[in-house]
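Structure first, then comments.
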2 protein chains.
Amino acid sequence: MLKLTKKADYGLMALKYLAEHPETPALSAKDIADAYGIPAQLLAKILQRLTKTGLLRSHAGMNGGYALSRDAREISAFEVIHSIDGPLFITSCTKGAKGCDLTPSCTIKEPLARVNETIAGVLKSISIYDLADRDPAKAAEAGSSIGQRLVTLTL
Amino acid sequence: MLKLTKKADYGLMALKYLAEHPETPALSAKDIADAYGIPAQLLAKILQRLTKTGLLRSHAGMNGGYALSRDAREISAFEVIHSIDGPLFITSCTKGAKGCDLTPSCTIKEPLARVNETIAGVLKSISIYDLADRDPAKAAEAGSSIGQRLVTLTL
DNA sequence: TGAATCTCCGACAGTTTTGGTCGTATACTA
DNA sequence: TAGTATACGACCAAAACTGTCGGAGATTCA
């Protein structure tokens, strides 16, 4: 459990793919879908949502497609997941107007909310650039890369 | 998304409740369910699973019920969630024998696996004791309490 | 102009996961 | 032996997730 949806996975994969091809002006949903063997129409819908939230820029017509709207370093995994799967709450009772229906019940939520923020923080600290396919040896040596990064968080 | 199930929530609530009543030898599923207004039979099933994984000790018969098998400080939120919801994978493709079906597709999984470990680490660092209802003022001053804890993790 | 390519968008069906119930068997106490 | 409580499996309903279909609008190129 506590896993993210396939849609979010696909979204991350697509953005990663775009980050790896900065030279091309735009890639169609089908191009990316074919590269990973995922359903093209489904990916299209995901990319559309990412466009609506401003992470991608779309261009209709021939030779159209999608491109990152910012540098890959400036797009966090958190933004992608949030765009696709919606707000990220670890507590199952989404704190609406009044919190839980059962008034005094969710005394757990308070501490878990901090966990939630921590996880969000971790996700925010990872950019699409970090996911992109640089070869592992290089990734290991690079200071800014994953694998060397130290996260310090107050819980 | 990325939220834990109600069952896991219920489980945490129940353990928290037990941690808050260390004087009583055992509490029945119904007692706890009533306290929080959650379905008794469902909670019973959850507690049974927690018993099977060794987090609780059960006692049938009159004045029976459930009790923590260890000190609340020794039970992590991670154990509870893992017992109820199963293995905790952020990647939607549960890495079975060969990983994804789409062979080269999940180059994302590798970095995300680290995120996964980080989250697990955070969850492991929180005990049922931390969730238990000590009054907020005290909790704020206590050194061992949540709110003051520093988590340092390599990503 | 018109054809081809591609994004855009809503609706909808199939499947899986969750949440919750029911019934019964079993264990323990008084 | 009556009453209370766990143990366990089958079952059902509701929700979420995944994926598909069909059509409308934009853009480019011939």
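Computed from a predicted model, the values in this text were never measured in an experiment.
The salt bridge (Lys or Arg N to Asp or Glu O under 4.0 Å) contacts involving residues 29-41 of chain B comprise B/Lys30-B/Asp34, where partners must be two or more places apart or lie in separate chains.
Two residues are said to be in side-chain contact when any heavy atoms from C-beta on lie closer than 4.5 Å; B/Leu112 and A/Leu12 meet this criterion. For the pair B/Val115 and A/Ile126, the minimum side-chain heavy-atom distance is below 4.5 Å. Proximity of B/Leu18 to B/Leu56: side-chain heavy atoms (C-beta onward) are separated by under 4.5 Å at one or more points. The closest side-chain heavy-atom distance from A/His82 to A/Pro87 is below 4.5 Å. Under the 4.5 Å side-chain criterion, counting only non-hydrogen atoms from C-beta, B/Lys45 is not in contact with B/Arg49. At least one side-chain heavy atom of B/Arg70 sits under 4.5 Å from a side-chain heavy atom of B/Leu55.
Here the C1' atom of nucleotide D/dA14 and the NZ atom of B/Lys6 are 11 Å apart, to the nearest Å. Whole-Å rounding puts the B/Asp85 CG to D/dA16 P distance at 16 Å. One interatomic measurement links the two molecules: CG of A/Leu42 to C1' of C/dA11, which rounds to 15 Å at whole-angstrom precision. Between the NZ atom of A/Lys7 and the P atom of D/dT20 there is a distance of 12 Å, rounded to whole Å. The CZ atom of B/Arg57 sits 17 Å away from the C1' atom of C/dC28 (whole-angstrom rounding). With rounding to whole Å, A/Leu43 atom CG is found 18 Å from D/dC17 atom P. Summarising the geometry, the separation between NZ on B/Lys3 and P on D/dA16 is reported as 7 Å, rounded to the nearest angstrom. In this structure, CD1 of B/Ile46 is placed 15 Å from C1' of D/dA7, rounded to the nearest angstrom.
In the set D/dC17, D/dT6, D/dT20, D/dC17 carries the atom at the smallest distance from any side-chain atom of A/Thr5. The nucleotide whose nearest atom lies closest to any side-chain atom of B/Lys45 is, among C/dT21, C/dC8, D/dT18, C/dT21. Of the candidate nucleotides C/dT18, C/dG23, C/dG20, C/dG23 has the atom nearest to the side chain of B/Gln41.
For D/dG19, the OP1/OP2 oxygens have a side-chain nitrogen or oxygen of A/Tyr10 closer than 4.0 Å. Contact annotation: A/Ser58 reaches the phosphate of C/dC8 (side-chain N/O to OP1 or OP2, under 4.0 Å).
Using a 4.0 Å heavy-atom cutoff across all strands shown, B/Lys30 reaches no nucleic acid atom at all.
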- Annotated protein contacts, base or backbone, on nucleotides 24-30 of chain D with a non-hydrogen cut-off under 4.0 Å, one of B, S, - each: --BBB--

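Counting non-hydrogen atoms of other residues, nucleotides and ligands closer than 6.0 Å to CZ of A/Arg57 gives a total of 12 or fewer. Atom CG of A/Asp71 is surrounded by more than 12 heavy atoms from other residues, nucleotides or ligands within 6.0 Å.
Under a 3.5 Å cut-off, the side chain of A/Ser127 and the backbone N or O of A/Glu74 do not form any donor-acceptor pair.
Each of B/Lys52 and B/Gly64 was matched to the nucleotide of DNA chain D holding its nearest heavy atom; the match closer to the 5' end belongs to B/Gly64.
For residues 21-29 of chain B, proximity to DNA chain D is found at B/Ser28, B/Ala29, defined as any non-hydrogen atom under 4.0 angstrom from a strand atom.
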